[in-house]
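Naming: A, B, ... by sequence-line order, numbering from 1 per chain.
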2 protein chains.
Amino acid sequence: MTGIADVARVTGVSMATVSRALRGLPNVSEDTRRSIREAADRLGYVPSSNASGLATGRTMAMGVVVPNVSRWFYTSVLEGIDAELRPMGYDTILFNLGVRGEDRERVFHRSILRKRVDAVIALCLDFTATEREQLASLGYPTVVVGGPVRGLRHIGVDEFGVARAATEHLIGLGHVAIGHLGGEEERGLNKRVPQRRRAGYARAMQAAGLEVRPEWTVTGAFEITDAREAALRMLDVEQRPTAVFAASDEMAIGAMLAARELGISVPGELSVIGIDNHPLADVFDLTTLAQDPYAQGALAASMMLDELSGAPARSRSVTVRTALIERGSTTSLARAAG
Amino acid sequence: MTGIADVARVTGVSMATVSRALRGLPNVSEDTRRSIREAADRLGYVPSSNASGLATGRTMAMGVVVPNVSRWFYTSVLEGIDAELRPMGYDTILFNLGVRGEDRERVFHRSILRKRVDAVIALCLDFTATEREQLASLGYPTVVVGGPVRGLRHIGVDEFGVARAATEHLIGLGHVAIGHLGGEEERGLNKRVPQRRRAGYARAMQAAGLEVRPEWTVTGAFEITDAREAALRMLDVEQRPTAVFAASDEMAIGAMLAARELGISVPGELSVIGIDNHPLADVFDLTTLAQDPYAQGALAASMMLDELSGAPARSRSVTVRTALIERGSTTSLARAAG
DNA sequence: TTGAAAGCGCTAACAT
DNA sequence: ATGTTAGCGCTTTCAA
């Protein structure tokens, strides 16, 4: 394994000069730099990140904690983070908590806390008080993407507002019998996301003087398959809603599949609206409130990088915009009836 | 930042003993160990992975190179890898090549090759000769998951065989007009996967004396949305096939969506078979040849771990099994016609 | 512009 | 069972 000393020996300069030359620092003559670069290439020298990390105190790695990597939202944020990080020479260390969070304790103690990363970005997680303390005491810049978390700043949409807007869109179309397909409050995940969305729905209904019927407010996981089953329960009854607001596009698509199976036409007999603008929303002609998780991830990453390079930490959370995209899955009650 | 020296001082023992105690090595009395553990906890001591990595020569990190994290196959493999690694104290460093592979060069030079990882698992990648040399010269154990790659062992299904089996299933049902929705040969990715699957299809057709019509062999990306468009092209014609073999379930679902849009009933007028057993295959009642990417990832990870712990490197590739899962998207031509 | 040398925080012989 | 000490490979003063 060729090290910096080998390059130095071959080039006939000191290790210090090699180090400077290779990192593009000033005060190295162009000639020296060139010959050092060439020798390094020829010898196949690659610096050890452990050694430089130990010397500088920087790991050049970002810890990203994700509940899983099967939902579109998480993977999109992840790609946004990685894309922002890579050009800066930062690596992404993925901490997957696992479906049931089995690995959570392990992730925290053995890994994140091993000074392996310079900063931590967490996706839709809720932290325990202890976990927050540990993060804080290690001095890691930390930010959460997707959903407000107490004690930590976050980047995300206005969960309440977006849900309210979605519901109001249906109300604006004349619907009065509106159901809500809500996300599950998973253990360890940020419960406030499904909660705030449900609350936004309820507020919109209430503000319009509409009845929130318990049997029309069902809960499923945030995925297509589970949402489909939940929707089957909601829709396969005598009195069903004429419109459904789903807490995510994946859930909305699950609802559309359920409707199709039950012979309920969308939007003829049922309007469906979601949140996200998932790639499949277009294929399914789904009306939705679009958000951009890739951009949220990129923003989170650049915030962390800024702070690592000495910028003052801005403790404020960032609320990103959403936009209504009207497609064919919603229609006015009048038109549907007619 | 409290270090091992602080713990040693507080406990009144040497750094070596602290190191031993905390890593669970033998030759430390239970009393000492207990008091050391306690002091470490109290002081909030966390070891520096850089320092220990530098001292041991082990990074306790696995590099995982992925084309992207938006396809089910990749994320499933990733979860399998991570699940296997985590209990062993290994972290997963994610190298996302980016949609168009923009970051490929950067990943190779700046990151993987920085001795940041102990081994490398690559997903469905093709390596250039130079890249292989670099990996080899650094002495990283390496394995590819998903698709044969020249010069490296791999873990994956028999691409040719599984495609042939899928096609033969359709033939066995009496179909003669069988189309193939093939995967795209993306730059930098393992082209042999789509190629071998196409070849398996062609062989099955040929062996049965059936005609492979060029206009029935279309190519799309491995995703639902693109596959849907490709399928629209294939199916929206006068003479269309009565069955389609898609190179993945995501593509098969794209085909089913396209069929639905064109008013072609599945399986009444069109049988569809895929490969994968994607979670949505069940929802869409899709016949498929199941594979288990999670297990493939776990296997890859444990192979790497074994070799890192001194086991002899087994250079042989591993072919994993697939299983036909018959669902409602395929039916015999006779029944469909009748 | 370049070099010498002292760490960074830990592990692993080797002693005791 | 525990302590001493010499690195691991780099960066970074401080000198020259």
Side-chain angles (χ1 to χ4, degrees), chain A residues 1-37 39-40 43-61 89 110-111 113-118 138-139, chain B residues 1-37 39-40 43-61 89 110-111 113-118 138-139 308 310:
Chain A
M1 206 96 313
T2 103
I4 206 170
D6 302 295
V7 182
R9 192 163 353 93
V10 167
T11 335
V13 298
S14 71
M15 285 170 48
T17 304
V18 174
S19 177
R20 291 192 200 99
L22 259 20
R23 282 181 303 151
L25 297 186
N27 290 330
V28 179
S29 79
E30 266 320 303
D31 275 2
T32 333
R33 198 188 295 275
R34 193 173 15 254
S35 81
I36 289 176
R37 281 230 178 87
L43 297 177
Y45 166 75
V46 282
S48 148
S49 61
N50 276 335
S52 62
L54 186 50
T56 58
R58 278 249 176 296
T59 64
M60 297 302 277
R110 286 246 229 300
S111 304
L113 305 174
R114 292 207 77 205
K115 296 171 188 153
R116 214 188 224 307
V117 299
D118 293 334
L138 284 167
Chain B
M1 206 94 313
T2 103
I4 206 171
D6 302 296
V7 181
R9 192 165 351 95
V10 167
T11 334
V13 298
S14 71
M15 285 170 50
T17 303
V18 174
S19 177
R20 290 191 201 101
L22 259 22
R23 285 182 300 154
L25 297 187
N27 292 326
V28 179
S29 78
E30 268 319 304
D31 275 2
T32 334
R33 199 189 295 275
R34 194 174 12 257
S35 82
I36 289 176
R37 281 230 179 86
L43 298 177
Y45 166 76
V46 282
S48 149
S49 62
N50 276 336
S52 63
L54 189 51
T56 56
R58 278 251 177 293
T59 64
M60 298 303 277
R110 284 243 232 299
S111 305
L113 304 175
R114 290 207 75 204
K115 297 168 189 158
R116 211 183 226 307
V117 299
D118 294 335
L138 284 167
L308 286 172

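Atom OG1 of A/Thr17 sits about 9.5 Å away from atom CD1 of A/Ile4, to the nearest 0.5 Å. Atoms OH and CD1, from B/Tyr45 and B/Ile36 in turn, are 11.0 Å apart once rounded to the nearest 0.5 Å.
Note that the first and last nucleotides of DNA chain C, 5' to 3', having any atom under 4.0 angstrom from a heavy atom of chain B are C/dG9 to C/dA13.
The stretch residues 19-29 of chain A comes close to DNA chain C through A/Arg20, A/Asn27, A/Val28, A/Ser29, each having a heavy atom under 4.0 Å from the strand. Contacts of residues 4-15 of chain A with DNA chain C (heavy atom under 4.0 Å): A/Gly12, A/Val13, A/Ser14.
Contact annotation: the side chain of B/Val18 never approaches that of B/Met15 to less than 4.5 Å [non-hydrogen atoms, C-beta and beyond]. Two residues are said to be in side-chain contact when any heavy atoms from C-beta on lie closer than 4.5 Å; A/Val46 and B/Lys115 meet this criterion. In this structure the side chain of B/Arg116 never reaches within 4.5 angstrom of the side chain of B/Thr59, judged on heavy atoms.
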In a table with atom names and distances, give each donor-acceptor pair under 3.5 Å that connects a side chain of residues 20-28 of chain A to protein atoms at least two apart or in another chain.
residue: A/Arg23; atom: NE; partner: A/Ser19; partner atom: O; Å: 3.3
residue: A/Arg23; atom: NE; partner: A/Ser19; partner atom: OG; Å: 3.3
residue: A/Arg23; atom: NH2; partner: A/Ser19; partner atom: OG; Å: 3.1

Under 3.5 Å, which donor-acceptor pairs link side chains of residues 47-55 of chain B to any protein atom two or more places apart or in another chain?
residue: B/Ser48; atom: OG; partner: B/Asn50; partner atom: N; Å: 3.3
residue: B/Ser48; atom: OG; partner: B/Ala51; partner atom: N; Å: 2.9
residue: B/Ser52; atom: OG; partner: B/Ser48; partner atom: O; Å: 3.3
residue: B/Ser52; atom: OG; partner: B/Ser49; partner atom: O; Å: 3.4

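Rounded to an integer number of Å, the gap from CZ of B/Arg116 to C1' of D/dG9 is 15 Å.
Where B/Glu30 and B/Thr56 each meet DNA chain D at their nearest nucleotide, the meeting point lying more 5' is that of B/Glu30.
Fit an axis to the five pairs at each end of the helix from C/dT1-D/dA16 to C/dT16-D/dA1 and the two axes sit 30° apart, to the nearest 10 degrees.
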